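All values reported here derive from a predicted model rather than from experimental measurement. First the proteins, then the strands, lettered A, B, ... as listed; each starts at 1.
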Protein chains: 2
Amino acid sequence: MQSEADYLAHYDPSRFPTPIVTVDSVLFTLYQQQLSLLLVKRANHPQQGYWGLPGGFIDLEQDDSTRATALRKLTEKTGVTPPWLEQLETFSGPHRDPRGWSLTTAWFALIAWADCQPHISTVTDAQWLPLSQLAHYDIAFDHRAIIDAALLRLRQKTMYSMLPVYCLPAEFTLSQLQDVIETILGHPVQRKSLIRRFDASEMFEETGEFIATGARKARLYRRKAGVDIHLFSRNLTGEMT
Amino acid sequence: MQSEADYLAHYDPSRFPTPIVTVDSVLFTLYQQQLSLLLVKRANHPQQGYWGLPGGFIDLEQDDSTRATALRKLTEKTGVTPPWLEQLETFSGPHRDPRGWSLTTAWFALIAWADCQPHISTVTDAQWLPLSQLAHYDIAFDHRAIIDAALLRLRQKTMYSMLPVYCLPAEFTLSQLQDVIETILGHPVQRKSLIRRFDASEMFEETGEFIATGARKARLYRRKAGVDIHLFSRNLTGEMT
DNA sequence: ATAATAGTGTCTTTTAGACAGTATCCC
DNA sequence: GGGATACTGTCTAAAAGACACTATTAT
């Protein structure tokens, strides 16, 4: 009878064939009233020259989870850490990568455009692509399917949470929030309904400041420190007559 | 300038350190009014003798996705394929498996107890464990955390869908459905609300048969063929005065 | 007939949709 | 003052909660 210590001492991980493992992220933002996502031009094979999701291999020394990998890669590309990052889904199969059987754990992130623009504007291998332009691009691997899944998740959560605030800067107005939500959902929502939920969520506080975006000055809000996202028990349908 | 074909011809996947990759499933059922899950006694190291989730390594020859791996392992243990199987989450890290940096894609499944009992009763290395007993068991790896995540998912979805029907046999009564739902949520629900949602979902049809479970005979229903699960835009809160 | 389980009717409550009305600001 | 944007009040509508009521069956 072998002990676990003996077993581990002689364990050779390379004995078994194993898939290629990567981590990829779909990072959304709002830029010029358009929902956009971060794409990276692939410098190396395979699919060299195609645009793909920011991501890569796990660094077994540095990363203590795939979340850490996602965060490391996103920080490399944007210079900052996104205020929202959640696991999306793991995609796998023998044909999604020409190198062989592969698996990628996809993450889904949101950030304010202004927060990472200083860094992104200095590089040529990363860009914000408006979703409306996606159809005209060659996208690497199965990343288009991953983007579709992320978009679905974003739209779902927008209907029962205030998730889109994470696309806005730290201080924002209700009208800005309404804009992101309407852009994500693709149709108008009742401002009154939005305000009711905004208050009920208890996620936000007034800064005390006002900002002039149009005519009347609008109240500025920020997220309360250390407050979790609030999930509503009912969807915003946004159906209007 | 190297071509992609050249690159692929010389690609050696073993050059890079890679995590240990597995697939695990949380299979729930209802047995004797108790929400239970399938556990397997680990025959080999590591964690030999502990109970863990049914799962294992991906067979790169046979499996064309981690779903296929989950299904293959579940079928080995239960003799049948579960009517509900969805991806839960991927768990990863350097310490969750003593062999090293590991990653497991966890799946979440439901099945009727009667459908797999013929097979499970013949083996000694697999058992249904009522959730209430879980605290008294030594569970392998981080499988307890995976079970917690699955349970959370099950409870969430029970509030906005008819998911628990997949814990019932092909033909069932409304009272049986109410029972599973109340067991999962841990509190009673309004039968009237349940019936309204049951009808509105358009997922079911009457078999025309009745069954005597208690006093008055109850109508039998089955799932309509090829119908997708219906998601409600509002949660069943189940709060009662 | 009674008890027990199955199923219906209908009133209340909650929260979103609709939309008119008021407030503030710049010109 | 007029037009534009910000914000409020309040009615309606949809769907869940509450619970009393009727229906069917075994004993």
query: Is the closest basic N to carboxylate O distance between B/Lys73 and B/Asp24 below 4.0 Å?
result: no
message: Nearest to the side chain of B/Ala218, heavy atoms from C-beta on, is which of C/dA6, C/dA16, D/dG17?
response: C/dA6
query: Given atom CG of B/Asp179 and atom C1' of C/dT5, what is their separation to the nearest angstrom?
result: 12 Å
- prompt: Of the candidate nucleotides C/dA6, D/dA16, D/dC7, which contains the atom at the shortest distance from the side chain of A/Leu174?
  reply: D/dC7
task: Check every atom of D/dT8, C/dA16, D/dG17 against the side chain of A/Arg196 and return the nucleotide holding the closest atom.
output: C/dA16
side-chain N/O B/Ser175 vs C/dT5 OP1/OP2, d < 4.0 Å: no
query: To the side chain of B/Arg234, which of D/dG17, C/dT14, D/dC7 is closest?
result: C/dT14
message: Between B/Arg144 (side chain only) and B/Leu134 (backbone N and O only), is there a donor and an acceptor less than 3.5 Å apart?
response: yes
- prompt: Should the pair B/Tyr31 and B/Trp113 be assigned to parallel (<30°), tilted (30 to 60°) or perpendicular (>60°) ring geometry?
  reply: parallel
- request: Could you state the atom-to-atom distance from CD of A/Gln178 to P of D/dT5 in whole Å?
  value: 12 Å
task: If a protein heavy atom is under 4.0 Å from the base, mark B; if only from the sugar-phosphate, S; if neither, -; do that for nucleotides 22-27 of chain D going 5' to 3'.
output: -BBB--
field: D/dA15 OP1/OP2 closer than 4.0 Å to side-chain N/O of B/Ser233
entry: no
message: Please report the distance, rounded to the nearest Å, between OH in B/Tyr221 and P in C/dA6.
response: 12 Å
message: Does C/dA16 have OP1 or OP2 under 4.0 Å away from a side-chain N or O of A/Thr237?
response: no
task: Verify the neighbour count for atom CD of A/Glu202: are there more than 12 heavy atoms of other residues, nucleotides or ligands below 6.0 Å?
output: no
message: Rounding to an integer number of Å, can you tell me how far A/Met159 CE sits from C/dA16 P?
response: 13 Å
message: Given D/dC19, C/dA6, D/dC7, identify the nucleotide with an atom nearest to the side chain of A/Arg191.
response: D/dC7
message: Without decimals, in angstroms, what is the distance between B/Asp199 CG and D/dA16 P?
response: 12 Å
field: Atom-to-atom span, CZ of A/Phe232 to P of D/dA16 - whole angstrom
entry: 18 Å
- prompt: Do any side-chain nitrogens or oxygens of A/Arg197 fall under 4.0 Å of OP1 or OP2 in C/dT15?
  reply: no
task: Look at atom CZ of A/Phe232 and say whether more than 12 heavy atoms of other residues, nucleotides or ligands are closer to it than 6.0 Å.
output: yes
message: From CG of B/Leu194 over to P of C/dT5, roughly how many Å is that when rounded to an integer?
response: 17 Å
- prompt: So does B/Lys192 reach the base of C/dG7 with its side chain, donor to acceptor, closer than 3.5 Å?
  reply: no
query: Going through the distances and angles, do B/Gln34 and B/Trp128 end up as a side chain to side chain contact (heavy atoms under 4.5 Å, CB included)?
result: CA-CA 10 Å; B/Gln34 294 233 274; B/Trp128 288 114; over 6 Å; no
B/Phe198 and B/Phe204 aromatic ring geometry - parallel, tilted or perpendicular at 30°/60° bounds: parallel
task: Could you check how far NE2 of B/His187 sits from P of D/dG17, rounded to whole Å?
output: 9 Å
- prompt: Are A/Arg153 and A/Glu86 within salt-bridge range, i.e. N to O under 4.0 Å?
  reply: yes
- prompt: Would you say A/Gln190 reaches C/dA16's phosphate, i.e. side-chain N/O to OP1/OP2 under 4.0 Å?
  reply: no
